[in-house]
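In what follows, a structure is listed as structure tokens, so that the remarks can point back to it.
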Amino acid sequence: MTVTANELVRRQERLASDRANYETHWQEIADYMLPVRADFIVQRVPGQKRMDKIYDGTALAALDNLAGGLWGTVTNSANKWFEVQTADPSLMQDYGIKTWCDEVTNRMLAAFGANGQRFYAQAISAYRDLAAFGTMVFYTEHADPAQQVLTFESKPLARCYIAENDKRRVDTVFERFKYTARQAVQKFKDKTPEKIGKALEKNPEAEFTFMFACMPAKDYGGKMPNSDMTTAAVYVCVDTQETVQVGGMYAFPYQVARWSIGNRGPYGDSPGMIALPDVKMVNAMAKTTIIAAQKQADPTILAPDENGMRGVRFTPGGIVYGGVDAQGRPMYQPFAAGGPTGLTLELENQRREAIRQAFYAQLLLEANRPNVTATEWLGRQEEKLRLMGPHIGLIQSEWLDPLVDTCFTLMARASVPMWSRGQNGWLPLPPESLPSAPELKVAFVSPLARRNDDDLELVVGLPVPLLQSETESQAAV
């Protein structure tokens, strides 16, 4: 039985209710470390200031350093960070198969770098979400079948609600967003709800809330456009409680990764959560230090009476007539408030160092230290791997592995018409020596993955569509 729009909205609202405590936590983290994503509880209008709680930038720099370090060591656009291989090592001895795998890898890397380095521009935002909130949501699709371009987007966690299957893998995402009446009509055309169509005539910029629900096809219950579509993709207008569009996808378009998986639900823990107490403390201390320094630099003036201060201006190089009495004693003097700030600054620096350690700053900057012997460098690399290896493994298994799988599926399906004519498509034509349904694997070869040899290599089955299959876009919505 097909799930109705009202049922989908109610399910999303239950998921939102279940994560209310997370959102309170995420809002605090975002306020102090990632203000551009601070929209969980506090809704700001475009252009509104977001830095009003920040008096110290240590956490912002440390988080950005961790995100940049992950980008550079895991998915660096200047390096080949993964390779497509056959799961059967003996097949890689065949020259034609090995050459085909190399060409597939190169074309997929080119797809990631196409459209103005779109993937890599979005990846840094995903790493920031992961470091701050412990959970990131990434979206991948082949939006236009007429073009050989993949679409990548790092989705704001504030508007994405997730659910896991029995294996603790995220297989359901509800994304809420707003469209103006004009945007809705452009997107859905004649399927736009009548209420929005009427609003277009009076106020094209009036906003309406929509939801994009992606889930296993069997959970939705409705018939998919094609029998081999595994994912249901449904657009719902929340304001009118109407199903606007229903379609299917051959690969789940969302990749949801966690920094570490606890036992508190589908969302992960993060370095930002560990650093938050120190971040709040150092900001409070920095604010106090600023006030104390201001009092010392521009102190309060003590005067004998109100009339004596009228017209007095304490300007640099100025003369204050009547500033001393007949005996030369000053009539006005600064009020000495507080003591030296040295101890306060020392405590602040201790908190700053704790914040940097929470974001692995020392490990990520070790490579830049001069006069390091080869033995020391290897030891530090082993330490880095030991501390960050589990997190890198989750990034690869929950994000990059499904990402490469999805991209291969989309590119292979788009190549089928050319393959059926014996020509290269978006991906090269498979050689005759390749089995009809090969099991392929993705070997991650980034610097951190190489240090762990085979431990971080993830093996997956990547579906190669049959040559006689019809060409179809990834989404039929």
Side-chain angles (χ1 to χ4, degrees), residues 1-20 22-23 39-40 135-143 151-179 183-184 186-189 191-193 195-196 207-257 265-267 398-399 402-403 406 409-410 472-477:
M1 182 177 178
T2 303
V3 179
T4 65
N6 185 264
E7 290 172 331
L8 289 174
V9 172
R10 287 205 306 270
R11 184 181 178 192
Q12 181 274 318
E13 290 174 346
R14 287 194 298 271
L15 292 175
S17 176
D18 291 343
R19 79 173 201 181
Y22 281 103
E23 292 191 342
D39 293 307
F40 293 97
T135 306
M136 52 79 70
V137 182
F138 205 77
Y139 184 80
T140 308
E141 73 166 337
H142 182 201
T151 299
F152 303 100
E153 184 178 357
S154 175
K155 297 289 188 178
L157 183 59
R159 72 187 197 191
C160 294
Y161 305 83
I162 65 176
E164 296 176 316
N165 59 18
D166 60 329
K167 297 179 176 59
R168 294 211 67 182
R169 301 300 295 261
V170 175
D171 66 349
T172 301
V173 174
F174 292 86
E175 181 185 355
R176 286 178 69 118
F177 56 93
K178 291 184 181 293
Y179 271 159
Q183 291 171 330
Q186 290 175 338
K187 173 70 176 180
F188 304 116
K189 299 179 175 58
K191 296 181 180 179
T192 306
K195 177 181 177 180
I196 300 177
E207 290 189 330
F208 296 87
T209 302
F210 287 85
M211 183 174 71
F212 183 49
C214 280
M215 66 194 77
K218 62 180 184 301
D219 288 357
Y220 180 65
K223 184 178 180 181
M224 295 294 98
N226 293 286
S227 59
D228 55 345
M229 288 180 169
T230 59
T231 300
V234 186
Y235 281 99
V236 172
C237 179
V238 178
D239 294 325
T240 63
Q241 299 283 299
E242 296 178 57
T243 299
V244 181
Q245 261 187 7
V246 178
M249 294 184 172
Y250 297 104
F252 190 61
Y254 291 95
Q255 297 87 45
V256 180
Y267 299 96
E398 294 194 334
W399 178 27
L403 172 71
T406 296
T409 300
L410 302 181
E472 295 153 330
S473 66
Q474 193 247 0
V477 294

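- Using a 4.5 Å heavy-atom threshold, the side chains of Y267 and I162 count as touching.
- F138 contributes atom CZ, which lies 11.0 Å from atom OG1 of T406 (distance to the nearest 0.5 angstrom).
- Atom CE of residue M215 and atom CG of residue N165 lie 14.0 Å apart, to the nearest 0.5 angstrom.
- Considering SG of C214 and CZ of F174, their distance stands at 9.5 Å, rounded to 0.5 Å.
- The distance from atom CD of E13 to atom CG of D18, rounded to the nearest 0.5 Å, is 12.0 Å.
- Two residues are said to be in side-chain contact when any heavy atoms from C-beta on lie closer than 4.5 Å; F210 and I196 meet this criterion.
- You'll find the side chain of K187 stays beyond 4.5 Å of the side chain of Q183, heavy atoms only.
- A donor-acceptor pair is defined here as one N or O able to donate and one able to accept, closer than 3.5 Å; no such pair exists between the side chain of Q245 and the backbone of T243.
- What you find for A184 and T192 is that their closest heavy atoms are O-OG1, 3.4 Å.
- Side-chain contact between K195 and C237 is absent, with no heavy atoms from C-beta onward closer than 4.5 Å.
- The CZ atom of R176 sits 4.5 Å away from the CD atom of Q12 when rounded to the nearest 0.5 Å.
- Here the CE atom belonging to M249 is positioned 11.0 Å from the CE atom belonging to M224, to the nearest 0.5 angstrom.
- Nearest heavy-atom pair across T2 and E7 is O-OE1, 4.3 Å.
- Between P193 and V244, the closest side-chain pair of non-hydrogen atoms falls below 4.5 Å.
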Tell me, with the steps shown, if F208 and T240 meet side-chain contact (heavy atoms from CB on, under 4.5 Å). CA-CA 9 Å; F208 296 87; T240 63; 5.7 Å; no
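- By the 30° and 60° cut-offs, the orientation of the rings of Y254 relative to F212 is tilted.
- Taking all atoms of both residues into account, the shortest heavy-atom contact from Q255 to E398 is CB-O, 4.1 Å.
- The heavy-atom pair separating Q241 from N6 by the smallest distance is OE1-ND2, 2.8 Å.
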Pair Y22-T135, side-chain contact (heavy atoms from CB on, under 4.5 Å): steps then yes or no: CA-CA 11 Å; Y22 281 103; T135 306; over 6 Å; no
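- Geometrically, R19 engages Y161 in a cation-pi contact, judged by NZ or CZ lying under 6.0 Å from the ring centre and within 45° of the ring axis.
- In terms of heavy-atom proximity, C160 sits nearest to K155 at SG-CB, 3.7 Å.
- The closest side-chain heavy-atom distance from R11 to T172 is below 4.5 Å.
- In this structure, E153 and R159 approach most closely via the heavy-atom pair OE2-NH2, 3.8 Å.
- Side chains of T230 and F252 form no contact here, defined as non-hydrogen atoms less than 4.5 Å apart.
- Using a 4.5 Å heavy-atom threshold, the side chains of L157 and F40 count as touching.
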